[in-house]
Amino acid sequence: MILDMFSLKGKVAVVTGANTGLGQGMCVALAQAGADVVGVARRDCDETSKLVEENGARFLQIKADLSSMEPIEQIIKETVEHFGHMDILVNNAGIIKRNDAIDYTEEEWDSVVFINQKFTFFLCQAAAKQFIAQKSGGKIINIASMLSYQGGIRVPSYTASKSAVLGLTRAMANEWAQYNINVNGIAPGYMATNNTEALRNDDGRNEEILSRIPAKRWGTPQDMAGAVVYLASAASDYVSGFTLAVDGGWLAR
Ligand code: NAP
């Protein structure tokens, strides 16, 4: 029946940036839908592990700093060694660096574009190779942003990389749909996590942002739950290359 299509029982989901924020929220949602979870993070994921296990799923942490290409092979290898297969990848880890465009440095550009764009693409590629070898199909969900659609202010490398995530999601979907691999994205709006702490602590910007959100509140990691489970499940098998906004109406204005 229809709700069975949303079940992730027997599936293994890899989530990057699993220790906090939206990544942690999505780990919990995937576990609640029945998936075992591999959390990739450079810090301990004790809290996420506890939340996943409380929901009856198994949790494996892979400790990795995603600021080089090195961990890509390790992530797929350890997942498959531990659970026997991999079915879902959520590319969530990402960073933002704020500075005026006129003063923006090469480091601020390279570090952000590396993790948000390059690492995301090559981890998708490694996951797709695994899905093709398994002959199982698979689900890839890339975390985009409002700045996949808009220019933003003082975050040029973030805008560039998140715009690329939207385009790459389409490009990969076009090539891999034939293998029953669904590549889709989620574009969160303004969510209350570490990523937006500076904005929320700036009274002027906080007020400005809240007044433009039709829902009149910041989003939460729990707000990602429905979208990630949908895109990870059989319920979205014919959805390909699309990025779904979870934004309290921001883009509709
Ligand atoms: P967050 O709390 O800052 O989480 C980012 C995650 O990425 C953290 O787990 C962080 O680990 C991890 N990460 C960053 N650099 C890493 C590295 N070199 N190696 C390993 N892990 C690394 O922010 P968030 O809001 O949950 O962000 C999650 C995703 O949503 C990001 O892609 C972000 O761009 C996107 N997003 C967020 C919003 C928002 O309003 N919050 C809006 C649109 C899109 P550490 O804790 O160790 O830093």
Side-chain angles (χ1 to χ4, degrees), residues 14-27 39-43 62 64-76 88-101 103-128 139-173 183-199 219 221 224 227-228 231 241-247 250-251:
V14 175
V15 180
T16 64
N19 56 305
T20 186
L22 304 185
Q24 181 178 78
M26 291 189 285
C27 286
V40 180
R42 59 185 164 183
R43 295 177 211 279
I62 297 179
D65 184 337
L66 312 185
S67 53
S68 83
M69 298 289 280
E70 209 202 312
I72 288 179
E73 210 185 306
Q74 174 204 356
I75 292 168
I76 310 292
I88 299 157
L89 169 66
V90 181
N91 269 304
N92 165 77
I95 57 172
I96 189 163
K97 292 199 173 165
R98 298 172 204 280
N99 195 359
D100 294 339
D103 296 322
Y104 221 71
T105 66
E106 196 174 350
E107 189 283 325
E108 288 164 334
W109 179 272
D110 285 345
S111 55
V112 173
V113 169
F114 181 87
I115 181 163
N116 293 8
Q117 178 177 333
K118 182 174 176 180
F119 190 90
T120 292
F121 172 74
F122 283 100
L123 187 57
C124 288
Q125 183 195 63
K139 302 280 182 177
I140 296 176
I141 299 145
N142 295 321
I143 303 307
S145 166
M146 294 296 95
L147 301 191
S148 303
Y149 306 92
Q150 301 177 310
I153 301 167
R154 304 185 73 245
V155 286
S157 60
Y158 189 79
T159 306
S161 59
K162 292 295 186 176
S163 297
V165 166
L166 182 94
L168 284 169
T169 295
R170 291 179 175 140
M172 294 185 284
V183 188
N184 289 295
I186 302 175
Y190 285 80
M191 318 296 272
T193 65
N194 299 336
N195 174 292
T196 52
E197 199 175 359
L199 289 180
M224 301 289 283
V228 75
L231 292 176
F242 190 71
T243 295
L244 173 63
V246 175
D247 66 350
W250 177 276
L251 283 183

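Here the structure is a predicted model, which means the values were calculated and not measured.
In this structure, I141 and V228 approach most closely via the heavy-atom pair CD1-O, 3.9 Å. Residue A41 comes nearest to A18 through the heavy atom pair CB-N, 4.2 Å, listed as atom of the first residue, atom of the second, then distance. Shown here for I140 and C124, the closest heavy-atom pair between the two residues is CG2-SG, 3.7 Å. In terms of heavy atoms, P71 sits closest to A64 at CB-CB, 3.7 Å.
To the nearest 0.5 Å, atoms OG (S145) and CD1 (I186) are separated by 13.0 Å. We find the CD-OH distance between Q117 and Y158 to be 13.0 Å, quoted to the nearest 0.5 Å. A distance of 5.0 Å separates CG of L22 from CE of M224, quoted to the nearest 0.5 Å. Separating the OG atom in S157 from the CG atom in L147 is a distance of 10.5 Å, to the nearest 0.5 Å. Note that CG of L123 is 9.5 Å distant from CE of M69, once rounded to the nearest 0.5 Å. Atom CD1 of I75 is separated from atom CD1 of I62 by 6.0 Å, given to the nearest 0.5 angstrom.
The salt bridge (Lys or Arg N to Asp or Glu O under 4.0 Å) analysis of residues 66-76, with sequence neighbours excluded, yields no pairs. Under the side chain to side chain donor-acceptor pair (under 3.5 Å) criterion, the residue pairs touching residues 160-173 are N116-S161, N142-T169, with sequence neighbours excluded. Applying the side chain to side chain donor-acceptor pair (under 3.5 Å) test to pairs two or more places apart or on separate chains, those with a residue in residues 187-196 are T196-R200.
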(request) Please report the C-alpha distance between L168 and T120 in whole Å, then the side-chain angles of each, then the deciding distance to 0.1 Å, and finally whether the side chain to side chain contact (heavy atoms under 4.5 Å, CB included) criterion is met. (result) CA-CA 9 Å; L168 284 169; T120 292; over 6 Å; no
(request) Output, in order, the C-alpha distance, side-chain angles, deciding distance and verdict of side chain to side chain contact (heavy atoms under 4.5 Å, CB included) for N184 and L244. (result) CA-CA 8 Å; N184 289 295; L244 173 63; over 6 Å; no
(request) List the steps and the verdict of side chain to side chain contact (heavy atoms under 4.5 Å, CB included) for I72 and F119. (result) CA-CA 8 Å; I72 288 179; F119 190 90; 3.5 Å; yes
(message) Set out, in order, the CA-CA distance, both residues' side-chain angles and the distance that settles side chain to side chain contact (heavy atoms under 4.5 Å, CB included) for I143 and M26, then state yes or no.
(response) CA-CA 11 Å; I143 303 307; M26 291 189 285; 3.8 Å; yes
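Considering only residues two or more places apart in sequence or on other chains, K97 meets the salt bridge (charged side-chain N to carboxylate O under 4.0 Å, His left out) condition with E107. Every residue was checked against the side-chain hydrogen bond (donor to acceptor under 3.5 Å, both in side chains) condition with S68, not counting sequence neighbours, and none meets it. Checked against side-chain hydrogen bond (donor to acceptor under 3.5 Å, both in side chains), Q125 has no partners two or more places apart in sequence or in another chain. Evaluation of the side chain to side chain contact (heavy atoms under 4.5 Å, CB included) rule for A173 yields V183, S240 as partners, not counting sequence neighbours. Partners of R154 according to the salt bridge (charged side-chain N to carboxylate O under 4.0 Å, His left out) rule, which considers only residues two or more places apart in sequence or in another chain, are D100. Under the side chain to side chain contact (heavy atoms under 4.5 Å, CB included) criterion, A144 pairs with S148, V165, A187, T243, sequence neighbours left out. Residues forming a side-chain hydrogen bond (donor to acceptor under 3.5 Å, both in side chains) with E197 (at least two apart in sequence, or on another chain): none. Considering only residues two or more places apart in sequence or on other chains, E108 meets the side-chain hydrogen bond (donor to acceptor under 3.5 Å, both in side chains) condition with N99, T105. Under the side chain to side chain contact (heavy atoms under 4.5 Å, CB included) criterion, L251 pairs with M146, Y149, Q150, A245, D247, sequence neighbours left out.
N92 contributes no side-chain N or O that, together with a main-chain N or O of V15, makes up a donor-acceptor pair within less than 3.5 Å. In this structure, the side chain of T159 engages the main chain of G151 through a donor-acceptor pair within 3.5 Å.
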